[in-house]
Amino acid sequence: DMIIHKAGERFTGRIGNVNADWMGSLPSKLSAMPLKHLAVPGSHDSFTFWVDVHAPVGPDQKTYVKYLATIFSVLAKKVMVKWSMTQNLTFKEQLDAGIRYFDLRVSSKPDEPGNELYFIHGLFGHKVRDGLLEINFFLVRHRKEVIFLDFNHYYAMETEHHVYLINMLQEVFGSKLCTNSAVENITLDYLWEKKYQVIVFYHHPSARGIPSMWPGNKIPAPWANTTEPTKLIQFLETTLKERAQQGSFHVSQAILTPKVNTVAKGLVWGLRNYLVERNLPTIMSWVEAQKPGVDGVNIITSDFVELTDFASIVIKLNNLLLSEQDHKRR
């Protein structure tokens, strides 16, 4: 059902695995542009689709949830399961749908021997290694697709845990890992030529000086921390205007953050109905009005990627770059 068009023409995409090869299908004009000028769909708290209800409460929650946990451990865990299941798609499903940026939080289990690490959001989820292997399996089958892995929160991790994680990334992805260099030189053409498919951002001093680990300051992702769609949009607009002309990718987090008092409502209605479905049209219409390019959007993340054809909408924004006669490079 999907037709791949030649350079200069428009391309289309729909959810399913229709977007599995969207980067490889871009017209040559776009694959020659810096990746920081293309629109790329991302997901937030990307590893929340495995939540272990029996695990201890995750270390990223505030004291009030821990307090709840001591009083009603079962009830609190149920709330947190709802809270944490922001993304219902597995890794492969998100990749097939076109998601290419993943926001990652990692933790050890403090009472567990060894250096095993888990992806978390509220509750402990899946082993990091399993998630990385799933991504690699996809990349081997889709050689022109490139992903951003943004490791930006670490909990209960000592030096040896970081060494373990960095080694794991190098073992799993090997020569697919893109070497840290000037952001403006990173085009799809360059990545394809070098056979690079993974750009890892490692927000921790342990990764300093390791060529395949990019510093966190090359991928700013300002966070609005609001439940109000109008405030969110105002924030997204302001931070885009401030976007540095040189030297970094940019993440627009089109995400509303639940407040403490939404926990109670969340219990009854579920986070999804309460916070998201009500405000999704506002957020989606902002996304649809964006334009990639020098002063425009780059990576856009959203919760609940399966609720809309969010990825397709973001990918299609790249068509707007084709109508420009000459893309101004800076």
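FYI, side chains are in, hydrogens and waters are out, and symmetry mates aren't considered; it's all heavy atoms of this structure.
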Do Glu134 side-chain atoms and Lys92 backbone N/O form a donor-acceptor pair below 3.5 Å?
yes

In Trp214, Phe102, Phe249, Tyr202, the residue satisfying ring pair (Phe, Tyr, Trp, His ring centres under 6.0 Å) with Phe148 is Phe249

Check: Does Leu38 offer a backbone N or O that forms a donor-acceptor pair with the side chain of Asn318 under 3.5 Å?
Finding: no

Using modelled atom types and a 3.5 Å cut-off, is there a donor and acceptor pairing between side-chain atoms of Gln170 and backbone atoms of Leu177? no

Check your understanding: Hey, is the main chain of Val297 close enough, under 3.5 Å, to the side chain of Gln290 for a donor-acceptor pair?
Key -> no

| task | Mark yes or no for whether Ser108, through its side chain, and Ala156, through its backbone, hold a donor-acceptor pair below 3.5 Å. | result | yes

In short, Asn298 meets His250 closest at the heavy-atom pair OD1-N, 3.0 Å

Side chains of Leu191 and Leu35, heavy atoms from C-beta outward: is any pair under 4.5 Å? yes

message: Taking Phe119's backbone N and O only, do any of them form a donor-acceptor pair with Arg105's side chain (distance below 3.5 Å, no angle check)?
response: no

query: Where do Leu149 and Ile135 land on the side chain to side chain contact (heavy atoms under 4.5 Å, CB included) test, with the steps shown first?
result: CA-CA 10 Å; Leu149 298 181; Ile135 293 179; 3.8 Å; yes

Interatomic distance, CD@Glu171 vs CD1@Ile166, rounded to 0.5 Å, equals 12.5 Å

In short, His37 meets Leu321 closest at the heavy-atom pair O-CD1, 3.7 Å

Linking I/L/V/M/F/W/Y whenever any side-chain heavy atoms sit under 4.5 Å apart, do Val106 and Leu133 land together? yes

### Message
Under the criterion side chain to side chain contact (heavy atoms under 4.5 Å, CB included), I'd like the reasoning laid out for Leu117 against Tyr154: C-alpha separation, chi angles, the key distance, then a yes or no.
### Response
CA-CA 10 Å; Leu117 297 170; Tyr154 306 94; over 6 Å; no

* Asked: Would you say Glu237 has more than 12 foreign heavy atoms packed within less than 6.0 Å of its CD?
  -> yes

Checklist entry - Is there a donor-acceptor contact under 3.5 Å from the side chain of Glu184 to the main chain of Pro34? => result no

query: Is any side-chain heavy atom of Phe310 less than 4.5 Å from a side-chain heavy atom of Ile300?
result: yes

Checklist line | Test side chain to side chain contact (heavy atoms under 4.5 Å, CB included) applied to Asp21 and Glu145, step by step | finding: CA-CA 6 Å; Asp21 294 294; Glu145 299 310 292; 4.2 Å; yes

Hits for side-chain hydrogen bond (donor to acceptor under 3.5 Å, both in side chains) against Glu158, two or more places apart or cross-chain, chain-then-number order -> none

Those residues at least two apart in sequence (or on a different chain) that pass side-chain hydrogen bond (donor to acceptor under 3.5 Å, both in side chains) with Asn167 are none

Side-chain H-bond candidate by donor/acceptor type, Asn19 with Ser312, under 3.5 Å = yes

Between Arg129 and Tyr164 the two heavy atoms that sit nearest each other are NH2-OH, 3.9 Å

In terms of heavy-atom contacts, Pro41 and Trp22 come closest through CD-CZ2, 3.7 Å

**Request:** Report yes if the side chains of Phe151 and Leu169 come closer than 4.5 Å at any heavy-atom pair, otherwise no.
**Result:** yes

Would Ile147 and Phe138 count as a side chain to side chain contact (heavy atoms under 4.5 Å, CB included) here? Give the steps. CA-CA 11 Å; Ile147 57 153; Phe138 173 88; 5.6 Å; no

Check whether any side-chain heavy atom of Lys218 lies under 4.5 Å from a side-chain heavy atom of Ile199, and answer yes or no.
no

For the backbone of Asp295 and the side chain of Arg243, can you confirm whether one donor and one acceptor N or O come within less than 3.5 Å of each other? no

The side-chain contact (heavy atoms from CB on, under 4.5 Å) partner of Pro292 among Leu320, Leu30, Asn319 is Leu320

Checking Ile99, Val40, Ile255, Asp103 against Thr301 for side-chain contact (heavy atoms from CB on, under 4.5 Å), the one that qualifies is Ile255

Closest non-hydrogen contact found for Val251 with Ala221 is CB-CB, 3.5 Å

Thr187 and Ser31 have their tightest heavy-atom pair at CB-O, 3.5 Å

One should read off an interatomic distance between Asn115 CG and Met168 CE, to the nearest 0.5 angstrom, of 9.0 Å

Across all chains, not counting sequence neighbours, the side-chain hydrogen bond (donor to acceptor under 3.5 Å, both in side chains) partners of Asp150 are Tyr101, His203

